[in-house]
Amino acid sequence: MGSTKFPKRYVIVILTFICTCVCYIERVGFSIAYTFAADAAGVNQSRKGTILSTFYYGYACSQIPGGWAAQKIGGRRVLLFSFLLWSLTSALVPLDPNRVIVLVIARLLVGVAQGFIFPSIHTVLGQWVPPHERSRSVSLTTSGMYLGAAAGTLVLPSLVKLRGPQSVFPSEAALGAMWSLLWYKYSSDPPRSEHPKATAAGFGESLLPIKGSQKVKVVNGGHSGKAVKIPWKKIIFSLPVWAIVVNNFTFHYALYVLMNWLPTYFELGLKLSLQEMGSSKMMPYLNMFVFSNIGGVIADQWITRRILSVTRTRKVLNTIGFLVASFALMALPLFRTSGGAVFCSSVALGFLALGRAGFAVNHMDIAPRYAGIVMGVSNTAGTLAGIVGVELTGQLLEAAKTANLDLSSPESWRAVFFIPGLLCILSSVVFLVFSTGERVFD
């Protein structure tokens, strides 16, 4: 599996880390650039919420097809195509808040393209990464999202100020093109993929517990040569899958609300300038990067050293992450200073990232062969959270203005942060009751 000095699977993990980093630079970049242009054009909060949420409609539509395509065609190829499509779209679309139809079509297309990415990544990691490295590999890969968000939040406001909001898009497209070249040159399918003993989950499957009396059908010591039939009905009606789905919804509801509306909260709620905040505005996402990797290392250590079972490891980390995040989210509007708001949002997002070592790795625990499919199903729910959360937030703020509440008052923002806080509590209970670390799908 690659050279003894630096195994090929590590190259794959690093490239997928860079992939998620660039994707989130794009998402944060659009939010920053569009917010700047929309405020200058006098666009109201409700319409801003509609445009910002458009991406997630396209993103939701391609999650399950993305998992299917990665399963049938190969995650490596689908990932390259997706990156090229969104990069080209970003490079060509003009940013004009008054050209609503053009913006809607462009954001839908970018959403569809990026919707293929995470199911493809999980398919690729499921093929390359052995079970005892899954937590930290998935945590490192997904932590790229937060590093990308942090980098975008730090750098892009200055780029907008110097060269205007339109300058963000060709810069993001260039990053996408560079990653595509790296992926084309250095990625590959696992060398064991043609071997009769290969499984879709890669090597080391003996470390995964098998639930109940499941047996793996083998032919001449290897897995059956029959074509893999995706067990859609079993996936849809599986309670462990629904535990992942519910937590994915909540995680992304909180993340997308903060990612899309935190700049507005700083500028209108606290009367702060993003440019003048300096590096402090990137701390919430930097905290996510750190805590995501801490969670992955802790989970692998607990499992490898048999301190806790896979099931208990996932439940403990998920519960701690989501409960701490819920209190931080609910307390956020009570802090009226830059430092207090940054601290609260950093704690909330950091512990949500820690919780990903629970639910977000669980796809490959319960369904290593169908990790991309299950990821597509759960990420569809996460994307719906983006649609609901981002647009609902705009409506809540517009309703607050209608009720003659100043957006600088904490009352205007209380519901915005209370909703994801409550969802975190409910989701942690669902995961405690219904999740498992055992393999459910052969």
Side-chain contact, heavy-atom cut-off 4.5 Å: [X] with [Y]?
| X | Y | value |
| --- | --- | --- |
| Y10 | W128 | no |
| L79 | I121 | yes |
| T313 | L317 | yes |
| I307 | Q301 | no |
| L308 | I303 | no |
| C19 | L15 | no |
| L392 | Y253 | yes |
| L95 | L103 | yes |

With [X], which residues qualify under side-chain hydrogen bond (donor to acceptor under 3.5 Å, both in side chains), at least two apart?
| X | result |
| --- | --- |
| N293 | S143 |
| H122 | none |
| S135 | D300, R314 |

For [X] against [Y], the heavy-atom pair lying closest together:
| X | Y | result |
| --- | --- | --- |
| G176 | S87 | CA-OG, 3.3 Å |
| I117 | C23 | CD1-SG, 3.4 Å |
| G75 | T123 | N-CG2, 4.4 Å |
| S82 | F116 | OG-CB, 3.0 Å |
| G66 | P119 | C-CB, 3.8 Å |
| F249 | A385 | O-CB, 3.1 Å |

**OP:** Could you check whether the rings of Y256 and H252 sit parallel, tilted or perpendicular, using 30° and 60° as the cut-offs?
**Re:** tilted
**OP:** Give me the ring orientation class for Y34 and F30: parallel if the planes are under 30° apart, tilted from 30 to 60°, perpendicular past 60°.
**Re:**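 If you compare the ring of Y34 with that of F30, the planes turn out parallel.
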For the backbone of [Y] and the side chain of [X], can you confirm whether one donor and one acceptor N or O come within less than 3.5 Å of each other?
| X | Y | result |
| --- | --- | --- |
| K48 | E391 | no |
| T16 | V13 | yes |
| R77 | I73 | yes |
| N362 | T436 | yes |
| T142 | S139 | yes |
| S326 | L323 | yes |
| N247 | S427 | yes |
| S378 | M375 | yes |
| W183 | R76 | yes |
| T153 | M282 | no |

Do the two ring centres, one from [X] and one from [Y], sit under 6.0 Å apart?
| X | Y | answer |
| --- | --- | --- |
| Y265 | F417 | yes |
| F83 | W179 | yes |
| F431 | F359 | no |

Original post:
So V168 and I32, side chain to side chain contact (heavy atoms under 4.5 Å, CB included) or not? Walk me through it.
Top reply: CA-CA 9 Å; V168 169; I32 291 170; 6.0 Å; no
Drop me the distance from [X]'s [atom1] to [Y]'s [atom2], to the nearest 0.5 angstrom.
| X | Y | atom1 | atom2 | answer |
| --- | --- | --- | --- | --- |
| L147 | L140 | CG | CG | 10.0 Å |
| L239 | S435 | CG | OG | 11.0 Å |
| T311 | D365 | OG1 | CG | 8.0 Å |
| L332 | L258 | CG | CG | 7.0 Å |
| F17 | M145 | CZ | CE | 11.0 Å |
| S53 | L384 | OG | CG | 11.5 Å |

Original post:
Please walk me through it: do V93 and F169 pass side chain to side chain contact (heavy atoms under 4.5 Å, CB included)?
Top reply: CA-CA 8 Å; V93 173; F169 298 152; 5.6 Å; no
Subject >> Pairwise side-chain hydrogen bond (donor to acceptor under 3.5 Å, both in side chains) hits with a residue in residues 99-119, at least two apart >> reply: E26-R107, E26-Q114, R27-Q114
Original post:
More than 12 non-hydrogen atoms from neighbouring residues, nucleotides or ligands closer than 6.0 Å to CG on L162, yes or no?
Top reply: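 Yes.
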**OP:** Using side-chain contact (heavy atoms from CB on, under 4.5 Å) as the criterion, list what pairs up with V377, not counting sequence neighbours.
**Re:**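 side-chain contact (heavy atoms from CB on, under 4.5 Å) list for V377, sorted by chain: I64, I235, V245.
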**OP:** Could you note down all residue pairs passing ring-ring contact (aromatic ring centres under 6.0 Å, His included) where residues 286-316 supplies at least one of them, sequence neighbours left out?
**Re:**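 Every ring-ring contact (aromatic ring centres under 6.0 Å, His included) pair that includes a residue of residues 286-316, provided the two are not neighbours, is F291-F351.
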Original post:
Do M259 and V28 pass the side chain to side chain contact (heavy atoms under 4.5 Å, CB included) test, and can you show the C-alpha distance, the side-chain angles, and the key distance before you say yes or no?
Top reply: CA-CA 7 Å; M259 189 168 67; V28 169; 3.7 Å; yes
Subject >> Stepwise side chain to side chain contact (heavy atoms under 4.5 Å, CB included) test for S180 and L80 >> reply: CA-CA 6 Å; S180 299; L80 180 61; 3.8 Å; yes
